[in-house]
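Just below is one structure, and these are the notes that go with it.
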Amino acid sequence: MKKVEELLSGIAVAECRGAGLKEVSGVESDSRQVKEGYLFVAVRGVTVDGHTFIPQAIARGARVIVCEEFPADLDDEVMYVRVDDSSVAFGLLASAWYGNPSRELTLVGVTGTNGKTTTATLLYEMFRSLGYKAGLLSTVCNYIDDVRVPATHTTPDPLHLHRLLRDMVDAGCQYAFMEVSSHSAAQHRIAGLDFDGAVFTNLTRDHIDYHKTIEAYLKAKKSFFDGLPEGSFALTNLDDKSGLVMLQNTRAKKHTYSLRTMADFRARIIESRIDGMTLEINGKPVEVMFVGKFNVYNLLAVYGATCLLGQNPDEVLRRMSLLVPVAGRFQTLHSSRGYTAIVDYAHTPDALNNVLSSIREVLGNRGQVITVVGAGGNRDKGKRPMMAREAVNLSDRVIFTSDNPRFENPNDILNDMLAGLDGEQRRKVLALPDRREAIRAATQFARPGDVILIAGKGHEDYQEIEGVKHHFDDKEEVEKLFAEEQA
């Protein structure tokens with residue numbers, strides 16, 4: 001049980017009506033999960049408005065209703081609390097319900113189109129290697145120190161999020177690192193979180209189906225930095241055209257990283273190989289098990305954030321040399337036949353360009369690049385021809401296939417991709433809707449020295465078709481084919 005007065009103490013309450021209640025037994029925004037004595041928050045969602053479920057919540061036992069508009073009929077036994085924004089209130093209430101756990105952690109958020117998962121995960125791995133207990137909230141998986149907790153969203157709903165943070169505190173974690181998606185920022189799912197630092201990776205076209213415009217997408221990312229408290233740090237990629245935009249209105253201490261110009265944290269590539277690179281970071285050399293300029297940015301962000309959190313720079317570089325790539329992010333597998341397969345999450349035009357450019361840079365003219373790629377269904381159709389062009393321009397051979405078609409016909413998605421190509425470009429392309437067959441075809445085309453890129457799904461172990469998730473793991477498929485080659 002929690003006192004209502006305590007829960008509401010951090011919220012800007014516009015007006016209260018109805019019964020005066022002292023305690024509640026739970027907080028919830030889903031009317032189906034409400035139990036006797038609960039506080040129900042009526043949140044205006046993307047597709048449904050929680051205000052329409054107030055009667056159901058009361059019928060299930062809700063005794064306090066937090067809303068933006070009072071219902072026409074008020075129940076005498078219920079306390080009604082009006083706020084300006086119930087989604088913000090929900091985040092604050094969820095934090096208060098779990099005892100404001102983020103205040104007991106050093107919490108760092110990572111936002112951007114590409115690199116969020118890698119940067120957040122490597123920060124988590126870095127601090128654990130430095131001897132600290134740490135937590136991670138990411139697209140791939142959540143971790144409470146070394147305990148794995150499956151992830152369902154990039155940023156969980158407020159109740160789930162604050163419960164995970166409370167579990168981290170109870171497990172003795174001192175640090176927590178999390179991906180902050182544009183959706184969560186726009187929907188105020190990060191309300192109530194006390195951030196000690198924020199990292200911006202980059203911004204390119206993504207999630208236009210939700211935000212509608214690049215400007216709205218940028219604004220959502222920027223709102224995260226705008227809300228940082230004094231005393232926290234804001235670390236941004238100076239080489240991205242939106243990097244300095246993130247710092248315009250923040251109260252946090254401003255820091256930058258770059259591969260091109262003067263910045264607080266600088267890096268350059270000395271040598272690239274298919275299994276790693278030699279880098280120079282702030283004037284000191286370091287060997288890393290990562291490939292590609294995009295990964296140099298991720299590592300530089302990790303280095304900068306770790307130093308800003310008070311760690312010794314030389315020790316950070318030493319630990320960095322031991323870090324390994326994140327699942328589904330430029331994961332390299334070697335065939336006994338002498339070619340290489342790379343599984344990567346690249347699902348935007350920019351990410352695809354980054355990965356293929358990195359492969360080209362390392363490979364030179366010593367082999368062919370064969371790319372297997374698709375596009376998600378019921379999402380931004382505008383990026384499909386853009387991804388098709390990136391794949392064709394930087395590959396010797398391309399196989400278009402299904403990603404997560406969801407409720408779309410896979411052939412329609414492939415046709416949208418093909419529509420972005422001219423006749424000569426199409427001659428490089430084979431369209432195979434069956435992803436398993438597409439991967440098999442790529443391995444059959446490959447010769448010693450070639451590189452196959454399997455893009456789009458990365459860490460995902462499913463394909464979503466007609467609302468049903470079917471088990472499918474790109475890495476598993478490649479490993480099966482490699483086993484067949486050795487049989």
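Fair warning: this is a prediction, and the values are worked out from it, not measured in the lab.
With 3.5 Å as the limit, one finds a donor-acceptor pair spanning the side chains of Thr117 and Arg329. Side chain to side chain, Ser258 and Asp239 meet the donor-acceptor criterion of an N or O pair below 3.5 Å. A donor atom on one side chain and an acceptor atom on the other are not found under 3.5 Å apart for Gln463 and His471. Thr139 and Glu179 form a side-chain donor-acceptor contact under 3.5 Å, judged by distance and modelled atom types alone.
Every side-chain contact (heavy atoms from CB on, under 4.5 Å) that Arg251 has, sequence neighbours left out, goes to Glu230. With sequence neighbours left out, Phe200 forms a ring-ring contact (aromatic ring centres under 6.0 Å, His included) with no residue at all. Contacts of Phe290 classified as ring-ring contact (aromatic ring centres under 6.0 Å, His included), with partners at least two apart in sequence or in another chain: none. Here Val245 pairs with Leu218, Lys222, Gln248 under the side-chain contact (heavy atoms from CB on, under 4.5 Å) rule; sequence neighbours left out. For Arg103, there are no salt bridge (charged side-chain N to carboxylate O under 4.0 Å, His left out) partners, not counting sequence neighbours. Considering only residues two or more places apart in sequence or on other chains, Lys3 meets the side-chain contact (heavy atoms from CB on, under 4.5 Å) condition with Glu6, Glu23. In this structure, Glu5 has no salt bridge (charged side-chain N to carboxylate O under 4.0 Å, His left out) partners at least two apart in sequence or on a different chain. His459 meets the ring-ring contact (aromatic ring centres under 6.0 Å, His included) test with Tyr345; sequence neighbours excluded. Annotation: side-chain contact (heavy atoms from CB on, under 4.5 Å) contacts of Glu215 (sequence neighbours excluded): Thr213. Looking at residues two or more places apart in sequence or on another chain, you find no salt bridge (charged side-chain N to carboxylate O under 4.0 Å, His left out) involving Asp84.
The neighbour count for Asp314 CG, taken as heavy atoms of other residues, nucleotides or ligands under 6.0 Å away, is above 12. The number of heavy atoms from other shown groups lying within 6.0 Å of CE (Met1) is above 12.
Relative ring orientation between Phe233 and His255 is described as perpendicular, the plane-to-plane angle rising above 60° on a 0-90° scale split at 30° and 60°.
Among pairs with a residue in residues 118-139, those fulfilling ring pair (Phe, Tyr, Trp, His ring centres under 6.0 Å) read Tyr124-Tyr143, Phe127-Tyr132, Phe127-Tyr175, Phe127-Phe177, Tyr132-Tyr175, at least two apart in sequence or across chains. The salt bridge (Lys or Arg N to Asp or Glu O under 4.0 Å) pairs that include a residue from residues 138-147 are Arg128-Asp145, where partners are two or more places apart or lie in different chains.
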Leu259 and Lys293: CA distance, side-chain angles, deciding distance, side chain to side chain contact (heavy atoms under 4.5 Å, CB included) verdict: CA-CA 9 Å; Leu259 270 67; Lys293 188 181 291 184; 3.5 Å; yes
Given the rule in the side-chain hydrogen bond (donor to acceptor under 3.5 Å, both in side chains) test, do Lys469 and Asn404 qualify, once you have shown the distances and angles that lead to the verdict? CA-CA 9 Å; Lys469 288 186 177 181; Asn404 289 321; over 6 Å; no
